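Worksheet: one structure, shown below.
Letters A, B, ... are given to chains in the order of the sequence lines, protein chains preceding strands, and every chain is numbered from 1. Values below: all heavy atoms of this structure, side chains included; hydrogens, waters and symmetry mates excluded. A quick note: this is a predicted structure, and the numbers were derived from the prediction, not measured.
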Number of protein chains: 2
Amino acid sequence: MSQHADPLTLEVVDLIASVVTRYHEEYEEAACAHNLTGAQARVLSLLSHRPMPMRKVAVRLKCEPSNITGIVDRLEARDLVERRPDPSDRRVKLAAVTEEGRRTEERLRASLDFAREPLARLTEQERATLRDLLRRMLGENAENADEDEDCRDGDAKD
Amino acid sequence: MSQHADPLTLEVVDLIASVVTRYHEEYEEAACAHNLTGAQARVLSLLSHRPMPMRKVAVRLKCEPSNITGIVDRLEARDLVERRPDPSDRRVKLAAVTEEGRRTEERLRASLDFAREPLARLTEQERATLRDLLRRMLGENAENADEDEDCRDGDAKD
DNA sequence: TATTGTTATACTCTATAACTATA
DNA sequence: TATAGTTATAGAGTATAACAATA
């Protein structure tokens, strides 16, 4: 380990670190502008796709389920999120955005200009190139991390 | 606002989000493997370049100076960092890595394979292309966010 | 008077463990 | 017995405000 990569690779690493830093700063800023913490914004954004069991939210956020209780509590206290029973399993509570939660999430998303605005500096051809390079960097298994992978019930109950 | 970008742009945005997520996960993991929090690892890494006044650390981490007191306290309790007086201004305390801190930081850095390993999937030509695209995305002012901008004293004392 | 670092406080996020109600 | 969600607890990061030492 500690093998030193070539200068080009190191520069790309640095650039990626800059992207990461900038992305996070803008995300926190946008969340803060709506009186949300980063974690609250992530949960709100996640639930805006579809209602989801508390446990699944924890899995998506990669944190312990007990933490989701508090985060959803705070969102629920502001009427951005609500807990609904799951008809098929009375142990489960489905966290779901309210109408106001959806509006807040839309405003939040609209203010997340980071990725859009700098991308406008690139031509369409360049964006396609960037897409291909990022895809290959991330591997074939990561292209829809936020949209698709949790559509299945995964329970196969009947 | 809330203007919907073209599908290509949205996909690139998604890919960047994946990069950001993965980078952070790996960073936290690497820090955790050395019994460090993310913030502690960032401070350690920052100080490994050179000693720095507490206040400057706060500026670099974009948080309030009072927080740095606690983070450096915890690093100092483990002999990874020490506080030194600044001969030129007795108000200032310079935070500096110890020998053990430097060794820890080196091991930490060596374990941060994320950016190196996936980059190996690209040819040198592709990495150069990626570098150019990221540079243009970030703008001309961001190419050395972690290495260079704090070399100046900024005080012009003498 | 302004600046550096610290303390005190409050809030949020986090993991762990124990609890409950369901399955 | 196992699972979903909660509670309680402790540690860490964060911002704010007030403070001592120094400039």
Does the distance from a Lys or Arg side-chain N to an Asp or Glu carboxylate O, for A/Arg121 and A/Glu126, drop under 4.0 Å?
no

Could you list the residues that satisfy side chain to side chain donor-acceptor pair (under 3.5 Å) with A/Asp132, not counting sequence neighbours?
none

Can you name the residues that form a ring pair (Phe, Tyr, Trp, His ring centres under 6.0 Å) with A/His34, not counting sequence neighbours?
none

Got a list of protein N/O to nucleotides 16-22 of chain C N/O distances below 3.5 Å?
from, atom 1, to, atom 2, distance (Å)
C/dT16, O4, A/Ser66, OG, 2.6

In terms of side-chain geometry, is the basic nitrogen of A/Asp73 or A/Arg83 positioned less than 4.0 Å from the acidic oxygen of its partner?
yes

Interface residues of residues 71-87 of chain A with DNA chain D (non-hydrogen, below 4.0 angstrom):
A/Arg83

By the salt bridge (Lys or Arg N to Asp or Glu O under 4.0 Å) test, which pairs, at least two apart or in different chains, include something from residues 26-47 of chain A?
A/Arg22-A/Glu26

Between C/dT4, C/dC13, C/dT14, spot the one nearest the side chain of B/Arg55, thanks.
C/dT4

Which nucleotide of DNA chain D is the first, and which the last, in the 5' to 3' direction, to come under 4.0 Å of a heavy atom belonging to chain B?
D/dA12 to D/dA23

Main chain of A/Asn35, side chain of A/Arg78: is a donor-acceptor contact present, judged purely on distance under 3.5 Å?
yes

A/Glu82 bridged to A/Arg84 by N-O distance under 4.0 Å
yes

Establish, from distance only, whether the side-chain atoms of B/Arg127 and A/Thr9 form a donor-acceptor pair under 3.5 Å.
yes

Whole-Å gap separating P (C/dT14) and CD (B/Glu28):
10 Å

Under 4.0 Å between a Lys/Arg side-chain N and an Asp/Glu carboxylate O for B/Arg102 and B/Glu100?
no

Minimum heavy-atom separation for A/Leu47 to A/Val81, with atom names?
CD1-CG2, 3.9 Å

